[in-house]
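In what follows, a structure is listed as C-alpha cells, so that the remarks can point back to it.
All values below were derived from every heavy atom in this structure, side-chain atoms included, with hydrogens, water molecules and symmetry-related copies excluded. In this chain, numbering begins with 1 at the start of the sequence shown.
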Amino acid sequence: MAVTKIEKLPNKKPRPIEGHKPAAAVLRGVVDMVYNNAWEAKKRGELVGWSSSKFPIELAKAFDLNVCYPENHAATTAAKKDGLRLCQAAEDMGYDNDICGYARISLAYAAGEPTDARRMPQPDFLLCCNNICNMMTKWYENIARIHNIPLIYIDIPFSNTVEVPEEKVDYLMGQFKYAIKQLEELTGKKFQEEKFNEACKIANRTAAAWLKSCNYMGKEPSPLSGFDLFNHMADIVAARCEVKAAEGFELLAEEFEQSVAENTSTWEYPEEHRILFEGIPCWPALKPLFEPLKNNGVNVTAVVYAPAFGFRYETVREMAAAYCKAPCSVCIETGVEWRETMAKENGISGALVNYNRSCKPWSGAMPEIERRWKEDLDIPVIHFDGDQADERNFSAEQYNTRVQGLVEIMNERKAEREAKGEDVYTNFENTKETDWSKPTM
C-alpha cells in the first residue's frame, strides 16, 4: 500500500507564555546550571559525585553535595555523535562491546578519554542503586576502582509482586540509614533533616509538574510529541531536587495547556495515527527515528520511559517504595498495566518497540509484554533493532521498513473503523484523567 507523505499544517506552531522564555530554553539552562555548579564546586575543592539516575538523591542533598549523572552524560555524548568513539575506547580497554553503551561511554570517560560533547568533573565518590538495571552495580564498581573512590550503594531488589511489600520497605529503610552514615563519614557533616525535607518537597513538586506535562500527550489532538519529552529527560534525571527544574516543568505544562486552548502543537502535522513508542530512544539517531513518523503523520502520544521518573511520595517509607518502581525493576503485570493504561488514556492505534541492544533487562521482557498488548488492546505492534548509544546497532533502513509496515496496518484498520463509524483510536470506557493532587508511584 502506497503512503502519501504528510505535509506540515499551517499556523500550528505554539507560542511561549507571555512574559516568559520558552520552557524548552528554560529547561536547557537548568541542566547547564547543574553541570556548572559541579565544576564550580570542584574548583573550590569540594566533593563532587556521580550518581545513577534513580538513586535517592534526596539523601545527598541533605549534605549539600553536587552530583552529576553518567547516564545523562552518556546520552548527551551519544546524541552529539561522539558516543561511538568512546564506546570503542572502552572496548580497547577490554570491555566487551555487548555491554551497555552508556556504561562503555562512561567507563572510557572515567579513564580519561576526552570529549567536547559534554564535560563533567571526575568523581570523588559514587552513588549507585540497581533499580534501573542490575548492570549498574558492575559499571559503578569499575569506576570506583579506576579512581579508588568510595561507592555508596543501595540495593533495590527486583519486584516480584505488584505491590511493594512492607518487608522490602524495611530492608530499604535500613539501607537508607547506612547510606546516611556513609555520607556523614564522607563529608564530615551530620545529616540535616531540614535540608532533606526541603529536597523531598522540591522533588515532589518537580515530579508533579513533569507528570502533568506528560499527561498532555493524551489530548486529541496532542499539543506535543513524545519526542519532546525525550528532549527534557536530562532535567527530570539530573535536577529533580532543583527549584528551577520544578519551575521549568510548570512552565512547560502551562505552555501545553495554552496550546490545547489555541489548537497549536509542537507536532505540526496531521495526526493520522497515534502510537506508543517503547523504550529508550536511539540518541545518535533521533532524526532518523523521527523523520519516517513525521512523514506518515504518526505522532508518539505514549512513552513509558519519560513518566517513569515522575514518582511522588509523602513519607520516607513511601519514598522507599517509590524508588522500587522503574521499567526494568517491576514485575510483568505492573509493566503491562503501566503501558496498557497509557495506551487507553492516550488513544493509540499501534506500538513501535525498540529492542535496545544496550538494555537487555528491558528488551528481555518485551516479547511477553508485546503479546499482552496484542491480546488485550488488539493493536499492531512492530519492533526494530536499536541501541541507546552505540549507532552500530541501529539500521535506518530496517527501521524505515518496520515503520512503513506499521503504517500500512494502521491505515487498513483506520479505514475499517471509519467505514463502521467507529473512533479511529483505542477508546475504552475506563479511560480517565489522572488526579495529580494525589501521590503516584
| Arg357 and side-chain hydrogen bond (donor to acceptor under 3.5 Å, both in side chains): which partner among Asp390, Asp98, Asn97? | Asp98
| query | Between Asp387 and Arg392, does at least one N-O distance fall below 4.0 Å, as a salt bridge requires? | reply | no
| Donor-acceptor pair, Lys201 side chain versus Cys241 backbone, under 3.5 Å? | no
| note | side-chain contact (heavy atoms from CB on, under 4.5 Å) with Ser106: of Tyr69, Tyr140, Trp50, only one passes, and it is Trp50
| query | Is the shortest distance from a Lys or Arg side-chain nitrogen in Arg44 or Glu46 to a carboxylate oxygen in the other one below 4.0 Å? | reply | yes
| Whether over 12 other heavy atoms sit under 6.0 Å from Lys21 NZ | no
| note | Rounded to the nearest 0.5 angstrom, the SG-CE distance for Cys359 and Met135 is 8.5 Å
| message | Could you check, using the six-membered ring where one of them is a Trp, whether Phe384 and Tyr355 have ring centers closer than 6.0 angstrom? | response | no
| query | Can Arg413 and Asp378 be counted as an ion pair, charged N to O under 4.0 angstrom? | reply | yes
| said: Salt bridge or not between Lys43 and Glu40? Use side-chain N to carboxylate O under 4.0 Å. | reply: yes
| Lys/Arg N to Asp/Glu carboxylate O, Glu368 vs Arg371, below 4.0 Å | yes
| request: Work out which heavy atom in Met120 is nearest to a heavy atom in Pro70; give both atom names and the distance. | output: CE-CA, 3.9 Å
| task | With Thr341 as reference, evaluate Glu345, Glu337, Lys344, Arg339 under the side-chain hydrogen bond (donor to acceptor under 3.5 Å, both in side chains) test and give the passing residue. | result | Glu337
| message | Less than 4.0 angstrom from a charged side-chain N to a carboxylate O is my criterion; do Glu58 and Lys61 meet it? | response | no
| said: I'd like to know if the side chain of Asn356 reaches the main chain of Trp362, judged simply by a donor and an acceptor atom lying under 3.5 Å from each other, with no hydrogens or angles considered. | reply: no
| task | Rounded to the nearest 0.5 Å, what's the gap from CG on Leu107 to OH on Tyr102? Could you check? | result | 14.5 Å
| task | State whether a side-chain donor-acceptor pair under 3.5 Å links Thr115 with Asp82. | result | yes
| query | For Lys12 and Thr266, does a side-chain donor sit closer than 3.5 Å to a side-chain acceptor? | reply | no
| said: Once rounded to the nearest 0.5 Å, what's the spacing between atom CG of Leu229 and atom CD1 of Ile236? | reply: 11.0 Å
| Check ion pair Glu291-Lys294 (N to O, under 4.0 angstrom) | yes
| task | State the SG-CG distance between Cys324 and Leu172, to the nearest 0.5 angstrom. | result | 4.5 Å
| said: Between the side chains of Arg118 and Asp32, is the shortest nitrogen-to-carboxylate-oxygen separation below 4.0 Å, so that they form an ion pair? | reply: yes
| query | Looking only at atom types and distance, does a side-chain atom of Lys54 sit under 3.5 Å from a main-chain N or O of Ala308, one as donor and one as acceptor? | reply | yes
| query | Does the side chain of Thr264 come under 3.5 Å of the side chain of Ser259 through a donor N or O and an acceptor N or O? | reply | yes
| task | For the pair Asn346 and Tyr216, evaluate side chain to side chain donor-acceptor pair (under 3.5 Å) and give the outcome as yes or no after the intermediate values. | result | CA-CA 9 Å; Asn346 294 12; Tyr216 280 99; over 6 Å; no
| Lys/Arg-Asp/Glu bridge criterion (N-O < 4.0 Å) met for Arg15, Glu262 | yes
| message | I'd like to know if the side chain of Ser53 pairs up with that of Glu71 as donor and acceptor (distance under 3.5 Å, no hydrogens or angles considered). | response | yes
| message | Please check this pair: side chain of Asn354 against backbone of Ile280, looking for a donor-acceptor N/O pair closer than 3.5 Å. | response | yes
| request: Evaluate the ring planes of Tyr399 and Phe394, with Trp represented by its six-membered ring, and classify them as parallel (under 30°), tilted (30 to 60°) or perpendicular (over 60°). | output: tilted
| request: Test salt bridge (Lys or Arg N to Asp or Glu O under 4.0 Å) on Arg85 and Glu113 and set out the steps. | output: CA-CA 9 Å; Arg85 185 181 62 81; Glu113 188 68 29; 2.6 Å; yes
| said: Looking only at side-chain N and O atoms, does Ser329 offer a donor or acceptor that is under 3.5 Å from a partner on Asn131? | reply: no
| message | Any non-hydrogen side-chain atom of Lys42 less than 4.5 Å from a side-chain atom of Asn66? | response | no
| query | Using the ring of each side chain (for Trp, its six-membered ring), is Tyr305 parallel, tilted or perpendicular to Phe230, with breaks at 30° and 60°? | reply | tilted
| query | How many angstroms lie between CD in Gln192 and CZ in Phe63, if you round to the nearest 0.5 Å? | reply | 8.0 Å
| task | Determine whether the side chains of His273 and Asn296 contain a donor N or O and an acceptor N or O closer than 3.5 Å. | result | no
| said: Taking the side chain as everything from C-beta on, heavy atoms only, tell me whether Leu352 gets closer than 4.5 Å to Glu278. | reply: no
| field | Main-chain N/O of Gly101 paired to Ser358 side chain as donor or acceptor, under 3.5 Å | value | yes
| message | If you count heavy atoms of other groups shown closer than 6.0 angstrom to NZ of Lys80, is the number above 12? | response | no
| Considering residues, nucleotides and ligands other than Lys414, do more than 12 of their heavy atoms fall under 6.0 Å from its NZ? | yes
| remark: Value for CD (Glu318) from CG (Asn204), rounded to nearest 0.5 Å, stands at 9.0 Å
